[in-house]
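Here the structure is laid out as structure tokens; the discussion comes afterwards.
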Amino acid sequence: MWTRRKILKTLAAGGGMLAMPATIQEALGAPEPDVEIVLTATKGEAPVLSGRATPVWTYRGKVVKGDARSVQSIPGSYLGPILRVRKGQRVRIHFDNGLDEASNIHWHGLHVPDDMDGHPRHTAAPGKRYVYEFEIKDRAGTYFFHPHPHGRTGRQVYFGLAGLFLVSDEEEQAAKLPSGEYDLPLILQDRSFDAENRLVFLSDEGAGGGGMMGGGMMGGGMMGRGMMGGGMMGGGMRSGGMMDMMTRMMGFLGDRILVNGRPDATLSVATRPYRLRLLNASNARIFKLAWDDGSPLTVIGTDGGLLEAPVQRSYVTLAPGERLELWADFSRHAVGTELTLRSLAFAGDMAMGGDMMGGGMMGGGMMGMMMGNQKLPNGAAFPVFKVRVARSEKAPAALPQRLSTIVRHRPEDAVNFRKPRLFNITMGMMEWGINGRSFEMEGVAEDEIVRLNTSEIWEFTNDASMGMMGMMAHPMHIHGLQFRILERGVTRGLREGWQSVSAGYVDEGWKDEVFLMPGERAKVLVAFKDYAGLFPYHCHMLEHGDTGLMRNYRVRA
Ligand code: C2O
Ligand code: CU
């Protein structure tokens with residue numbers, strides 16, 4: 001067997017290109033993967049609530065080559081599996097689409113070539129396979145994967161398709177963080193169920209995205225005063241009608257909180273430190289997480305891996321798609337103690353301009369009703385999971401003061417240092433957009449083209465008036481890279497809502513999303529390396545992305 005290393009050695013020893021057989025040259029171009037996995041998306045059922053099993057969509061994972069620990073299931077969960085790889089490894093993942101609609105996989109947060117990234121233009125038809133193959137170039141961290149077919153992402157994730165992609169490296173190992181059973185993945189989601197324990201989502205009609213918003217549906221002053229008053233919101237509106245359409249645009253919120261696919265989660269822990277890896281895999285739910293005993297949270301990592309040093313927050317804000325890693329030390333609690341991680345109340349995830357609906361007629365309450373989330377609107381308080389300190393265990397309890405080294409790009413080196421590229425979130429004719437343009441599958445505008453091997457400052461703004469839709473919070477995600485958040489600001493009149501969550505931002509580390517409250521703007525420093533191509537950037541409120549709040553950027557060589 002000619003391994004890559006052996007070939008390189010031979011070359012170095014003077015073997016030379018000419019002496020090499022063709023197969024070896026081929027091998028040099030595409031080294032054999034270290035890990036090979038088959039991931040199948042399929043329909044199944046899972047016990048979620050008591051009584052009847054819930055029909056779900058789920059991935060089945062199988063290692064066909066390499067370390068058998070590369071695929072781990074989460075016991076009792078339809079989510080996942082967890083894929084575990086090391087930096088520098090080459091992975092090949094055969095995605096088999098066992099659904100009856102097109103699908104694909106996006107490796108959220110990973111730096112991979114454009115045809116490996118799960119762009120909506122690269123999908124596998126039902127019964128077909130798409131082969132992903134890439135080298136793990138990212139630092140250790142909590143990444144994840146989910147489907148990304150345009151207009152259907154929200155639906156496919158909602159019914160169960162999402163898993164963690166955990167990368168480790170030497171630096172992380174040197175930090176000696178809690179591992180094995182003390183390293184807990186916690187995938188947070190909100191879902192709704194009907195009386196038969198089936199997941200409730202939007203009706204299937206018009207779920208193709210973009211086009212459904214056109215036509216007469218919203219014409220003719222449908223949202224006018226008269227209609228809002230006279231019982232419009234009652235009865236049949238909840239299914240299929242205007243309510244459905246509004247939810248399709250504004251984001252689906254469930255009324256049950258699931259952790260790793262189970263309700264009422266309780267972690268049984270020992271009196272020692274744990275590493276908690278939080279992923280918000282909800283479609284549109286924003287969490288404001290805090291311990292109920294008032295003790296601060298110790299954050300050790302964000303989207304793109306470990307921070308340089310731990311930071312403390314009295315609460316943390318976690319928008320859809322974002323990850324946070326916590327150091328949770330239960331050694332100061334007595335056996336028998338119960339703690340709860342809660343999501344605290346906050347305000348202003350939807351802001352309405354006073355004049356827009358004739359005197360605040362559509363305040364949060366009405367807006368909430370229209371979103372079909374009257375039971376648990378964004379900003380409501382609720383418990384997320386319980387921790388029961390069940391046994392005593394001696395373990396080294398010291399929190400490392402140094403976690404990793406972050407190599408910073410300098411903002412001054414950005415090619416547009418003086419003139420950041422602007423991305424304004426907009427709402428046109430009932431259609432989300434960025435700078436007034438909605439998603440086009442292969443479309444990219446002149447001002448969305450960047451050069452390989454440069455860095456830039458991108459500025460996202462969420463302060464445009466969106467007419468009667470008001471303003472909403474948007475977590476903006478850029479594919480294919482990790483960035484640094486340089487600065488933020490908020491429109492004066494909208495400080496109050498912003499203040500109810502902003503102390504929970506963790507901007508210290510690498511990020512692939514920047515969460516923006518209404519009125520907020522943020523500058524981020526992005527760098528384009530290794531791969532030319534077409535990559536999406538979009539809002540990770542999945543319904544927003546599915547209905548147009550997504551664009552491509554092109555990295556030109
Ligand atoms: Cu996790 Cu393009 O998304
Ligand atoms: Cu959004």
Side-chain angles (χ1 to χ4, degrees), residues 103-112 114 116-123 141-158 161-165 187 189 209 246-253 279-286 303-304 318-323 349-351 371 378 423-428 430-434 438-439 441 460-464 466 469-483 511-520 522 534-553:
S103 191
N104 64 354
I105 303 185
H106 169 51
W107 314 97
H108 182 124
L110 293 183
H111 179 53
V112 298
D114 96 329
M116 296 293 128
D117 169 64
H119 186 286
R121 76 191 192 281
H122 297 131
T123 57
T142 304
Y143 307 92
F144 75 116
F145 60 95
H146 61 80
H148 216 299
H150 188 52
R152 306 290 290 183
T153 299
R155 170 171 303 269
Q156 293 189 6
V157 171
Y158 187 83
L161 297 172
L164 286 170
F165 195 102
I187 304 174
Q189 295 175 314
M246 295 301 287
T247 305
R248 201 183 296 287
M249 291 196 69
M250 304 189 72
F252 188 94
L253 294 166
L279 159 66
N280 180 354
S282 306
N283 286 35
R285 169 78 51 194
I286 300 156
D303 297 344
L318 196 66
E322 287 187 304
R323 288 87 68 207
D349 65 298
M350 283 189 293
M371 290 178 70
N378 254 333
F423 299 94
N424 197 3
I425 296 161
T426 50
M427 165 63 77
M430 297 304 286
E431 202 168 27
W432 294 111
I434 299 169
S438 293
F439 184 64
M441 193 59 89
F460 292 97
T461 67
N462 184 20
D463 56 8
M466 295 175 199
M469 301 296 293
M471 281 180 213
M472 294 191 72
H474 303 283
M476 297 302 293
H477 169 51
I478 308 175
H479 278 222
L481 50 82
Q482 293 286 327
F483 54 77
K511 296 285 296 170
D512 52 56
E513 289 192 27
V514 57
F515 176 62
L516 300 173
M517 282 289 278
E520 188 164 14
L534 195 68
F535 298 89
Y537 65 103
H538 61 91
C539 178
H540 219 282
M541 298 277 194
L542 298 180
E543 286 71 36
H544 296 186
D546 276 343
T547 56
L549 219 175
M550 169 152 62
R551 290 288 302 171
N552 293 310
Y553 71 97

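When a ligand or atom number is given, it counts from 1 through the structure's own listing order. FYI, side chains are in, hydrogens and waters are out, and symmetry mates aren't considered; it's all heavy atoms of this structure. Count residues from 1 along the sequence.
- The atom of H108 that is an N, O or S and sits closest to atom 1 (Cu) of ligand 1 is ND1.
- Annotation for S103 and Q156: closest pair OG-OE1, 2.7 Å, computed over non-hydrogen atoms.
- H538 contributes NE2 as its N, O or S atom closest to atom 2 (Cu) of ligand 1.
- Metal site remark for the Cu ion (ligand 2): H540 contributes no N, O or S atom at a distance under 2.8 Å.
- Side chains of N280 and P320 form a contact here, defined as non-hydrogen atoms less than 4.5 Å apart.
- Aromatic ring centres of H106 and H146: separated by under 6.0 Å.
- With atom 2 (Cu) of ligand 1 as vertex, H479 NE2 and H148 NE2 subtend 100°, rounded to 10°.
- Nearest N/O/S atom of H544 relative to the Cu ion (ligand 2): this is ND1.
- At a threshold of 4.0 Å, the pair D512-R323 counts as salt-bridged, since one of the basic side-chain nitrogens sits closer than that to a carboxylate oxygen.
- Between D303 atom CG and E322 atom CD the span is 5.5 Å, to the nearest 0.5 Å.
- E543 and N283 share a side-chain donor-acceptor pair at under 3.5 Å.
- Atom 2 (Cu) of ligand 1 has no N, O or S atom of H106 under 2.8 Å away, backbone or side chain.
- Restricting H474 to its N, O or S atoms, the one at the least distance from the Cu ion (ligand 2) is ND1.
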